[in-house]
*Asks:* 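One structure coming up, written as structure tokens, with questions to follow.
Every chain is numbered from 1, with letters handed out A, B, ... down the list of sequences. Side chains are part of it too, since the values below use all heavy atoms of this structure and drop only hydrogens, waters and symmetry mates. Given the structure is predicted, the values throughout are model-derived calculations rather than measurements.
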2 protein chains.
Amino acid sequence: MFTIKDVAALANVSPSTVSRVLSNSPRISEETKERVRRALEELDYHPNVFARGLVTNTASSIGVFIPPGMREFFVNPFFSEMMSGVSEVAGRAGFDIVLSTSAQDEEDAVDRMIRGRRVDGLILLGSRDNDPVLEKVALYSFPAVLLGRPARDGAISFVNNDNVQAAYEATMHLILLGHEKIGFLGGAFNLIVTIDRLTGFRKALFESGISSSPQMEISSVFLEQGGYQGMMHLLALPTRPTAVLASDDVLAFGAMRAAGELGYQLPDDLAIIGFNDIRLAELANPPLTSVRVHMHELGAAATEMLVGQIHESTLGVQSKIVESELVIRKSCGFQRANQMPPSYQDRVD
Amino acid sequence: MFTIKDVAALANVSPSTVSRVLSNSPRISEETKERVRRALEELDYHPNVFARGLVTNTASSIGVFIPPGMREFFVNPFFSEMMSGVSEVAGRAGFDIVLSTSAQDEEDAVDRMIRGRRVDGLILLGSRDNDPVLEKVALYSFPAVLLGRPARDGAISFVNNDNVQAAYEATMHLILLGHEKIGFLGGAFNLIVTIDRLTGFRKALFESGISSSPQMEISSVFLEQGGYQGMMHLLALPTRPTAVLASDDVLAFGAMRAAGELGYQLPDDLAIIGFNDIRLAELANPPLTSVRVHMHELGAAATEMLVGQIHESTLGVQSKIVESELVIRKSCGFQRANQMPPSYQDRVD
DNA sequence: TTGAAAGCGCTAACAA
DNA sequence: TTGTTAGCGCTTTCAA
């Protein structure tokens with residue numbers, strides 16, 4: 001393992017000259033550059049990232065932070081798709097990706113990342129009420145972008161969908177189909193994403209004169225099993241829902257399994273809408289109507305914003321909303337054309 | 001941002017003493033330890049990972065390397081499930097995870113990781129013929145574990161399924177069901193995993209006296225679309241297959257979509273078996289028969305092995321085979337009981 | 001049981 | 001255009 005000194009010795013220059021060649025400084029003659037480059041080549045030199053990081057105080061990597069309580073998120077297709085977006089732009093910008101894993105304690109985990117100077121910026125997932133991670137990040141004014149909506153506006157840069165609106169439209173779709181008993185299947189109620197989608201859901205019910213009931217609003221873990229159990233609850237209700245808005249496709253799949261086991265036929269006995277539009281939504285039985293949130297783009301946009309923040313270190317709070325759209329398939333049955341608002345017409349698959 | 005010096009000053013000791021307290025050296029009196037700890041607390045001190053790494057020559061992180069040509073793997077549920085296993089044991093062992101992203105050139109990417117001392121060990125994915133990454137790793141005798149089988153035995157530690165046997169059994173299942181025209185849908189043919197599964201597939205055909213034909217063996221990208229296109233090819237053949245072994249569930253889903261579009265009914269017109277048994281296999285229409293490879297366990301086992309190698313730096317080449325099993329669902333129809341080898345009997349879902 | 005000093009590999013003033 | 005020097009924050013001899 002050769003160091004910059006070895007290269008310097010071989011090329012008959014000082015270490016700083018090698019360093020300058022490495023960063024392609026214009027103040028070095030082509031002649032010496034060439035000589036140094038040959039030495040670099042000959043020794044197959046690669047810089048020690050830590051030594052460089054120590055002096056420049058940069059890590060050339062960005063961290064992706066999943067709250068320890070949300071590890072199930074790891075196996076959600078949303079995560080992979082989003083990560084492919086993150087990876088794409090991070091790679092292009094020359095950043096590696098560090099996944100925070102260790103530490104039970106999330107404060108610890110984020111401290112390791114930020115204060116340990118392990119990363120130059122953070123992509124934050126799983127926005128919650130009173131998120132301690134957001135506090136930390138704000139405290140150190142560390143470059144970070146939230147994938148989701150912060151509880152308090154202006155607290156941090158973020159990239160998000162308009163979840164209230166999306167849930168509203170999805171619910172309206174159900175209502176226009178004639179449903180009046182509609183259930184909501186969400187993740188933890190302290191997650192902002194759950195809150196927003198629930199808000200849109202309730203708004204649609206309210207505007208349509210349908211009374212909402214707490215029993216119809218289920219919270220569960222973000223797993224297929226969560227959807228399954230939640231759906232079992234809903235179907236056991238004295239007056240069961242005839243339609244369900246699931247806050248995640250994986251939840252929707254669980255719900256479909258529960259319904260199937262109990263002998264309900266989709267879409268005749270029951271309508272289900274999911275969220276995210278993961279690749280397999282189309283392949284479900286029946287193909288799942290779902291809100292396409294453009295996961296890859298979400299990850300890419302967040303990373304782009306983050307890279308921007310890292311480079312021009314004072315950019316203030318930015319935000320971006322990525323459009324979403326309801327992709328109508330077969331899990332809710334057909335609407336009569338005259339029931340559809342015009343904007344829906346061209347979206348039917 | 002406080003350094004060890006600040007803590008030392010506050011506690012009225014030397015920096016080296018603080019360092020000793022940090023590593024809980026036994027040669028420091030409880031008294032000073034207490035004093036230093038209070039200072040640590042008060043300043044909310046966190047060590048600079050790079051400074052520490054520079055002197056100890058460790059990164060306390062492990063890298064996961066995906067060949068640049070296999071980025072589609074990112075969105076395969078196999079990857080997430082495997083990563084959840086990696087993350088679990090890496091976290092427990094105090095390692096962060098670094099995802100290699102940048103650099104088009106994979107040699108470059110792996111150099112950055114290894115020679116740049118960014119990680120202490122590597123989990124390698126996507127084993128191929130003449131894998132240049134394996135060469136590098138061997139060259140520097142860098143701790144690494146391959147998730148898959150190396151092309152040459154003894155070249156590197158690895159964790160794998162017995163893919164030949166698994167594919168053999170899956171194909172036999174099809175043959176016992178009465179199929180004689182069986183297609184194979186795989187990833188790139190230079191991937192060891194494809195080669196092994198194809199080998200098992202051919203072996204089953206051969207032993208059953210069924211002649212194999214190159215046209216029945218399709219290679220495509222590891223995406224749902226790949227499976228779709230591959231299946232379209234197979235179904236367009238003069239004598240189409242009545243059954244297909246897909247080397248990945250995602251491929252199988254694509255195949256199912258193609259079959260569905262063309263009006264074939266599963267399992268009556270066509271039988272399909274997938275590989276991996278991702279969570280959604282059970283939810284497909286019909287539920288997909290698939291080889292369960294225990295993705296999470298694969299990732300966990302590989303990471304455990306890697307952590308072992310990192311700690312006792314000379315452990316030689318190890319390997320581990322994780323058992324797999326065929327999970328029989330509805331995508332291949334029912335076998336008559338007397339057609340089943342006894343070992344299958346208790347596996348029917 | 002503690003401190004002083006050197007050095008990990010690199011970059012960046014400051015000089016020349 | 002290049003070299004000298006100092007120092008990033010930490011660990012680890014070596015001395016005391």
*Asks:* Does B:His46 offer a backbone N or O that forms a donor-acceptor pair with the side chain of A:Arg115 under 3.5 Å?
*Replies:* no

*Asks:* Using the ring of each side chain (for Trp, its six-membered ring), is A:Phe50 parallel, tilted or perpendicular to B:Phe50, with breaks at 30° and 60°?
*Replies:* parallel

*Asks:* Which nucleotide in the list D:dG3, C:dC8, D:dT2 gets nearest to the side chain of A:Arg20?
*Replies:* D:dG3

*Asks:* So does A:Thr17 get a side-chain nitrogen or oxygen closer than 4.0 Å to the phosphate oxygens (OP1/OP2) of D:dT2?
*Replies:* no

*Asks:* I want to confirm an ordering. Mapping B:Lys33 and B:Val55 to their closest nucleotides on DNA chain C, which one lands closer to the 5' end?
*Replies:* B:Lys33

*Asks:* Would you say A:Ser19 places a side-chain N or O within less than 4.0 Å of OP1 or OP2 belonging to C:dT11?
*Replies:* yes

*Asks:* Is it the case that the base of D:dT2 and the side chain of A:Ser16 share a donor-acceptor contact (distance under 3.5 Å, atom types as modelled)?
*Replies:* no

*Asks:* Please pick, from C:dC10, C:dC14, D:dT12, the nucleotide with the shortest atom-to-atom distance to any side-chain atom of B:Thr56.
*Replies:* D:dT12

*Asks:* Has the side chain of A:Arg117 got a donor or acceptor that lies under 3.5 Å from a partner of the other kind on the base of D:dG9?
*Replies:* no

*Asks:* Taking for each residue the nucleotide of DNA chain C bearing the nearest heavy atom, is the 5' side occupied by A:Arg27 or by A:Leu22?
*Replies:* A:Leu22

*Asks:* Would you say a side-chain N or O of B:Thr32 is under 4.0 Å from OP1 or OP2 of C:dT2?
*Replies:* yes

*Asks:* Is it true that atom CG of B:Asp153 has more than 12 heavy atoms of other residues, nucleotides or ligands lying nearer than 6.0 Å?
*Replies:* no

*Asks:* If you pin A:Glu30 and B:Leu54 to their nearest nucleotides in DNA chain D, which one's is more 5'?
*Replies:* A:Glu30

*Asks:* Of all the nucleotides listed (C:dC10, D:dT1, D:dC10), which has the minimum atom distance to the side chain of A:Ser29?
*Replies:* D:dT1

*Asks:* What contact category does A:Tyr45 fall into here, base, sugar-phosphate, or nothing, at under 4.0 angstrom with non-hydrogen atoms?
*Replies:* sugar-phosphate

*Asks:* Short question: side chain of A:Asn48, backbone of A:Ala51 - any donor-acceptor pair under 3.5 Å?
*Replies:* yes

*Asks:* Between the side chains of B:Glu88 and B:Arg92, is the shortest nitrogen-to-carboxylate-oxygen separation below 4.0 Å, so that they form an ion pair?
*Replies:* yes

*Asks:* Look at B:Ser14 and C:dG3 and indicate whether a side-chain polar atom (N or O) is within less than 4.0 Å of OP1 or OP2.
*Replies:* yes

*Asks:* Please report, rounded to the nearest Å, how far the P atom of C:dC10 is from the CG atom of A:Leu40.
*Replies:* 10 Å

